[in-house]
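Okay, so here's the structure we're looking at.
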Protein chains: 2
Amino acid sequence: MQELTSMRLTTQRQIILEELSKVTSHPTANEVYDMVRRRLPRIGLGTVYRNLELMAETGMILKLEVGGTQKRFDATVAPHYHVRCLECGKVDDIKMQVQHNINETAAQASQYQILGHHIEFTGLCSDCATSTHQASIN
Amino acid sequence: MQELTSMRLTTQRQIILEELSKVTSHPTANEVYDMVRRRLPRIGLGTVYRNLELMAETGMILKLEVGGTQKRFDATVAPHYHVRCLECGKVDDIKMQVQHNINETAAQASQYQILGHHIEFTGLCSDCATSTHQASIN
DNA sequence: TTTTATTTGAGAAGGTTTATCATCTGGTAT
DNA sequence: ATACCAGATGATAAACCTTCTCAAATAAAA
């Protein structure tokens, strides 16, 4: 794993973290790339991927391996849950208590050494709920 | 969405479902392809992807959009939770009660129309827990 | 400043999934 | 049985996301 101590403070790194911290959406690597490119037009996509991965390893940010095809990133490190819209793929936070106790239940119900859990709710965001409803009328 | 009524019962479809039903692991599309190919050597990878997707749409099987790079499939349709090994990527079932109540909690805590949830535990399977432990001794 | 190990940008490569399309086939009607 | 046809298949290409490679650039230490 990457050591925090040996990580240089490059402009690219700072701006990637700054831009990710600005939003509460959970952007994909490519969306972060678009955000960062407005300030650093010559940055490479590989640099964004490399640094998001690195920051996730050191725990500076969260890598969300949720449903959908792409990985998403989150500057909020504290454990919390997510909802994903089945229609548009948008991911939002769910502000509810973290169920610490279920890790033990899972540990007892399996042969695994349980290290954590993540809950992903699925449903329709307010925008898509409206349009889907309208579509079902037609 | 694909209608069950208009789905032909092709040999390929039957065997894909049969092979998936045989295992309790949660194979990726490529793993299903390998399993099916032993009985239908001329089947195409696209056919496997197409049918797994189709069966997931009709609810015949479950498509797991869990962490890791690849999607995994499951012949057990009843709601249940999963553990993923952080080391080897293996996915197993967790036999614990489904927390029906948390959907309401999530609905109240968000603007989404909540349709369901999935819990993915992360940890180390017994094999990897051993080898990782040994590695940390060295 | 000079040095050096790390990082970058550009592009290639890898891996997974989806799309395309001529051919084939299961199910139905004849 | 046979013919028909919408739907399915297999082969291949394409799309997509992510990782790798490496010469050039650069942050940080000497």
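Both backbone and side-chain heavy atoms feed into the values below; hydrogens, waters and symmetry mates do not. Note on naming: letters A, B, ... go to the chains in the order of the sequence lines (proteins, then strands), and numbering restarts at 1 for each one.
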Exercise. Kindly check if the number of other-residue, nucleotide or ligand heavy atoms within 6.0 Å of CD (B:Gln14) is above 12?
Key: yes

Quiz prompt | side-chain N/O A:Arg13 vs C:dT8 OP1/OP2, d < 4.0 Å | solution = yes

Quiz prompt | Heavy-atom donor-acceptor pair, A:Thr47 side chain to A:Ile43 backbone, under 3.5 Å | solution = no

Practice problem: For residues A:His118 and A:His82, establish whether the separation of their ring centroids is below 6.0 Å. | Solution: yes

Self-check item: Atom-pair distance (CZ on A:Arg42; P on D:dA24), nearest Å
Solution: 15 Å

Quiz item: Under the 3.5 angstrom rule, does the side chain of A:Glu65 hit a backbone N or O of B:Gly68 as a donor-acceptor pair?
Solution: yes

Self-check item: A:Glu18, CD: over 12 other non-hydrogen atoms inside 6.0 angstrom
Solution: yes

Quiz item: So, the side chain of A:Asp93 versus the backbone of A:Lys95: is there a donor-acceptor pair under 3.5 Å, distance only?
Solution: no

Quiz prompt | Any A:Gln12 side-chain N or O less than 4.0 Å from OP1/OP2 of C:dG9 | solution = yes

Exercise. Measure the distance from CD1 on B:Ile15 to P on D:dG10 and round it to the nearest whole Å.
Key: 10 Å

Practice problem: Round to a whole Å and report the spacing from CG of B:Leu54 to C1' of D:dA8. | Solution: 10 Å

Self-check item: Donor-acceptor pair, side chain of B:Glu31 and main chain of B:Thr28, under 3.5 angstrom
Solution: yes

Exercise. Rounded off to whole Å, could you give me the CD-to-P distance for the A:Glu65 and D:dC17 pair?
Key: 16 Å

Quiz item: Is a side-chain donor or acceptor of B:Thr76 paired with a backbone partner of B:Ala78 at a separation under 3.5 angstrom?
Solution: no

Quiz item: Roughly, in whole Å, what's the span from CG in B:Asp34 to P in C:dG15?
Solution: 14 Å

Quiz item: Angle, rounded to 10°, between the helical axes spanning five pairs at each terminus of the helix from C:dT1-D:dA30 to C:dT30-D:dA1?
Solution: 30°

Just the atom pairs and distances: protein N or O near nucleotides 28-30 of chain D's N or O, under 3.5 Å.
| unit_1 | atom_1 | unit_2 | atom_2 | d |
| --- | --- | --- | --- | --- |
| D:dA28 | OP1 | A:Leu9 | N | 3.2 |

Quiz item: Can you check the A:Leu52 CG to C:dT7 P distance for me, whole Å?
Solution: 15 Å

Quiz item: Parallel under 30°, tilted from 30 to 60°, perpendicular over 60°: which one fits the rings of B:His26 and B:His80?
Solution: tilted

Every protein N/O lying under 3.5 Å from an N/O of nucleotides 18-22 of chain D:
| unit_1 | atom_1 | unit_2 | atom_2 | d |
| --- | --- | --- | --- | --- |
| D:dT18 | OP1 | A:Lys71 | N | 3.0 |
| D:dT18 | OP2 | A:Tyr49 | OH | 2.3 |
| D:dT18 | O5' | A:Tyr49 | OH | 3.3 |

Quiz item: Does the side chain of B:Leu124 reach to within under 4.5 Å of the side chain of A:Tyr112, using non-hydrogen atoms?
Solution: no

Quiz item: Under 3.5 Å, side chain of A:Gln108 to main-chain N/O of A:Thr105, donor-acceptor pair present?
Solution: no

